[in-house]
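Some notes on the structure that comes next.
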Amino acid sequence: MQNTISARKRALLPWLVPVAILAIWQLTVQSGWLSTRILPEPRAVAVAFWQLLLSGELLEHLGASTARAATGFAIGGGIGFFFGLINGGHKLAESLFDTTLQMVRNVPHLALIPLVILWFGIGEEGKIFLVALGVFFPIYLNTFHGIRSVPPELIEMGRSYGLGGRALFQQVILPGALPNILVGVRYALGFTWLTLIVAETISATSGIGYMAMNAREFLQTNVVVLAILLYAALGKAADLAARGLERRWLRWNTAFLAA
Amino acid sequence: MSTRNRNGLGIRLENVRRHFGERVVLDALTTHFAAGEFVAIVGRSGCGKSTLLRLLAGLDAIEAGRLETDAGPAAGPLSQTSGDVRIMYQDARLLPWRNVVDNVALGLKGSRDNVRALALEALSQVGLAERAGEWPGNLSGGQRQRVALARALVHRPRLLLLDEPLGALDALTRIEMHRLIERVWREHCFTAVLVTHDVSESVILADRVLLIEAGRIALDQRVDLPRPRDRGEAAFARLEGRVLGRLLGEAPHSFSETPHSLSETPHSPGETPHSPSDAAFIAARAVA
């Protein structure tokens with residue numbers, strides 16, 4: 001009994017500060033101390049959320065952004081995973097590709113935006129391209145590192161137990177690299193939303209970033225704040241999903257590290 | 001061969017050599033492991049005993065000389081995929097992302113239920129059936145080695161190689177493991193080759209103790225004590241003392257701890273009291 005109460009209290013404790021901030025925010029705006037042109041009151045943000053949800057606009061923009069994020073992530077992540085695997089597994093591939101990839105890595109992908117607009121205009125391709133580029137490197141680097149960090153003793157053991165080729169990869173190398181790969185996935189998800197925020201703000205006709213820029217022209221600060229909060233929520237959701245995968249696939253890891 | 005020894009693999013090594021760069025690790029080594037025999041290999045660090053085990057396991061290739069089994073001459077390294085040869089390492093080398101029973105089932109072919117049943121049977125032989133669902137990370141060092149033993153046994157190996165598998169365990173666990181290894185060896189009748197630093201361990205377990213020095217067999221000692229053996233017995237202590245004395249009493253010039261220096265102090269073959277191959281043949285005949 002004592003335990004359940006203290007556990008519940010502990011679960012609520014992290015939310016104390018955010019709730020306090022929200023309350024102070026509401027009070028400062030309501031009292032007129034802070035202009036609604038600088039920051040709308042939280043209630044107005046909630047109202048904007050509700051109205052946009054009812055009109056269907058919100059889901060439309062949310063869908064457009066999510067589709068871009070998912071497509072870009074799949075393409076960039078897929079290519080990064082592929083290069084991580086072959087460069088981690090074969091010395092020849094590493095000497096052929098790694099130096100080039102490391103050089104490209106030093107170019108901040110957001111610096112390519114003017115070029116991307118020239119190439120693709122303001123269509124979908126440009127934004128997906130940027131997301132894919134942003135996702136590629138964290139996935140590539142962590143997959144590569146993960147493959148390399150599989151203990152050679154385990155690979156030798158697998159071979160001496162008759163595993164080779166596919167079986168060795170599926171049963172020893174990939175599970176051994178998985179903790180690192182998932183770290184890469186979490187980084188990549190962060191990059192996905194960051195890239196999308198910038199790309200949609202600069203050139204788009206749909207998506208959350210477009211919604212925010214549109215609202216700015218009409219001085220709808222509550223919609224702008226809503227867009228920012230939506231990005232935060234999407235980023236958080238993606239991170240939670242990645243953590244869920246970690247918890248599911250790396251159940252052994254806690255036991256292993258504790259021992 | 002008799003049906004009782006069907007499981008054991010006899011092995012003959014002739015003039016096997018191996019060197020790393022300038023350093024000769026195995027120098028014209030000739031010996032014989034009879035089917036079903038338990039042989040312990042002792043020697044100081046760097047004497048070549050682990051190299052010999054890796055050659056037998058097929059993990060390294062033979063540079064010169066011959067390796068034959070009683071099934072006929074081995075084409076290249078002993079077959080690894082057939083399940084004839086299994087190795088236990090100093091660390092258990094369990095896959096941390098597989099639970100205990102799936103680790104034991106590693107490399108087994110067949111239907112899922114069948115594989116699991118075989119793995120569980122092997123686990124119960126080492127007394128760990130009730131831990132089948134656990135992660136290796138939750139086991140103690142001794143338990144992990146027992147899982148590794150089960151993983152080797154499940155393939156019904158004809159030759160089991162033990163590369164100091166008990167080196168990292170505490171004294172009490174070692175004694176339990178000695179009993180376990182002896183028991184499964186007697187049940188399964190495989191040929192066992194144990195590499196160890198521990199002379200007492202070699203006399204407890206082995207039919208024959210080989211002492212390797214500078215890549216050659218310096219002593220080939222039969223152990224004809226009844227099993228299970230008792231460390232307290234005079235005969236045991238005498239044998240242990242003889243092997244240990246030979247290990248410690250060697251003139252220092254023919255042995256060196258530091259690598260790369262062996263080539264500067266070549267080992268003269270006249271030092272060994274009798275030809276190692278003779279000793280191996282005598283021992284082999286005694287078992288056969």
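Below, chain A is the first sequence line, B the second, and so on; all start at residue 1.
Heavy-atom contacts from other residues, nucleotides or ligands closer than 6.0 Å to CZ of A:R247 number 12 or fewer. Environment of CZ in A:F120: crowded, with over 12 heavy atoms of neighbouring residues, nucleotides or ligands closer than 6.0 Å. Heavy atoms of other residues, nucleotides or ligands lying less than 6.0 angstrom from CZ of B:R116 number 12 at most. The 12-atom threshold is exceeded at OH of A:Y231, counting heavy atoms of other residues, nucleotides or ligands nearer than 6.0 Å. Residue A:F169 qualifies as enclosed at atom CZ: its count of foreign heavy atoms under 6.0 Å is above 12.
Residue contact with chain A, scored on non-hydrogen atoms closer than 4.5 Å, involves the backbone and the side chain of B:R151 alike. Heavy-atom distances place no part of B:A92 under 4.5 Å from chain A, backbone and side chain included.
Counting only distance, with no hydrogens or angles, the side chain of B:W97 and the backbone of A:V172 share no donor-acceptor pair below 3.5 Å. With hydrogens and angles disregarded, no donor-acceptor distance shorter than 3.5 Å links the side chain of B:R93 to the backbone of A:I155.
Taking CG of B:L94 as the reference point, atom CE of A:M157 lies at 7.5 Å (rounded to 0.5 Å). Note that CG of B:D91 and CD of A:E153 are 6.0 Å apart. Values are rounded to the nearest 0.5 Å. Between the OH atom of A:Y161 and the CD1 atom of B:I87 there is a distance of 8.5 Å, given to the nearest 0.5 Å.
Taking non-hydrogen atoms and a 4.5 Å limit, the residue list of residues 175-183 of chain A in contact with chain B, ordered by number, reads A:P175, A:G176.
Minimum heavy-atom separation, B:P96 to A:W252: O-CB, 3.0 Å. The shortest heavy-atom contact between B:L59 and A:S160 is CD2-CB, 4.2 Å. Contact record, A:Q171 with B:L106: OE1-CD1, 3.5 Å, taken as the closest heavy-atom pair.
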